[in-house]
Amino acid sequence: MRLEFHRQVASDISRIMDYYEAVAGPQLADEFYAELRLFFQKAADHPESFGVRKHGLRRVNLERVSLPFSFSHS
């Protein structure tokens, strides 16, 4: 499966990384991004392993930081 993102996702990720870098340094920002990419790949490879929430969207909870993301799968 190929993930497609809302046009605002890139700016949201950038803003989150800027925040983590400001409060805890570049290592936390890099760790967040690495975990996010890992879970993007997991969602693409096995979308059915994530529970369906509102409006048919599946929710992924990151492990290290408490920021979920949602995606649809058809």
Side-chain angles (χ1 to χ4, degrees):
M1 177 181 153
R2 182 171 182 253
L3 294 180
E4 294 182 19
F5 300 98
H6 186 276
R7 63 183 176 275
Q8 192 172 344
V9 168
S11 65
D12 288 348
I13 292 170
S14 180
R15 198 169 49 243
I16 292 165
M17 290 183 68
D18 289 346
Y19 172 77
Y20 284 148
E21 189 167 342
V23 299
Q27 182 176 348
L28 181 58
D30 291 343
E31 290 172 5
F32 160 74
Y33 190 65
E35 183 179 18
L36 183 65
R37 289 182 50 101
L38 174 69
F39 276 89
F40 281 166
Q41 190 62 52
K42 287 181 179 186
D45 292 344
H46 303 286
E48 64 285 343
S49 66
F50 298 96
V52 176
R53 301 294 179 130
K54 292 181 184 178
H55 310 291
L57 294 174
R58 295 178 182 272
R59 181 176 171 146
V60 178
N61 294 314
L62 301 182
E63 293 173 353
R64 181 159 162 82
V65 296
S66 59
L67 290 172
F69 70 88
S70 298
F71 68 98
S72 63
H73 168 62
S74 47

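Given the structure is predicted, the values throughout are model-derived calculations rather than measurements. Heads up: numbering here begins at 1 and tracks the sequence.
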inquiry  = A quick test of your reading: do over 12 heavy atoms of other residues, nucleotides or ligands sit less than 6.0 Å from CD of Glu48?
reply    = yes
key: Nearest-0.5 Å distance that lies between atom CZ in Arg64 and atom CG in Leu38   = 13.5 Å
Donor-acceptor pair, side chain of His6 and main chain of Gln8, under 3.5 angstrom = yes
task = Could you tell me which non-hydrogen atom of Met1 sits nearest to which non-hydrogen atom of Ala43, and how far apart they are?
result = SD-O, 4.3 Å
ask   = Atom CD1 of Ile16 and atom CZ of Phe32: how far apart are they, to the nearest 0.5 Å?
value = 4.5 Å
query = Honestly curious: do Phe71 and Val52 fall in one hydrophobic cluster under the side-chain, below-4.5 Å linking rule?
reply = no
inquiry  = Working to the nearest 0.5 angstrom, can you tell me the gap between Ser72 OG and Glu4 CD?
reply    = 8.5 Å
message = Hydrophobic cluster membership, with links at side-chain heavy-atom distances under 4.5 Å among I/L/V/M/F/W/Y: are Phe5 and Met17 in one?
response = yes
message = Within the structure provided, determine whether Glu31 and Gln27 are in side-chain contact (heavy-atom separation under 4.5 Å).
response = yes
inquiry  = Ring centres under 6.0 Å, that's the criterion: do Phe69 and Phe40 meet it?
reply    = yes
Pairing of Arg15 and Asp18 as salt bridge, 4.0 angstrom limit = no
request  = Say whether Phe39 and Val9 are linked into one hydrophobic cluster, either directly or through other cluster members, by side-chain heavy-atom distances under 4.5 angstrom.
outcome  = yes
task = Check the hydrophobic clustering (I, L, V, M, F, W, Y; side-chain heavy atoms under 4.5 Å; chains of links allowed) and say if Leu67 and Leu3 are grouped together.
result = yes
inquiry  = If I compare all heavy atoms of Phe50 with all of Arg58, which pair ends up nearest, and what's the gap?
reply    = O-NH1, 2.6 Å
query = For Leu62, does its backbone N or O pair with a side-chain atom of Glu35 as donor and acceptor, under 3.5 Å?
reply = no
task = Measure the CG-OH distance between Asp30 and Tyr20 for me, rounded to the nearest 0.5 Å.
result = 13.0 Å
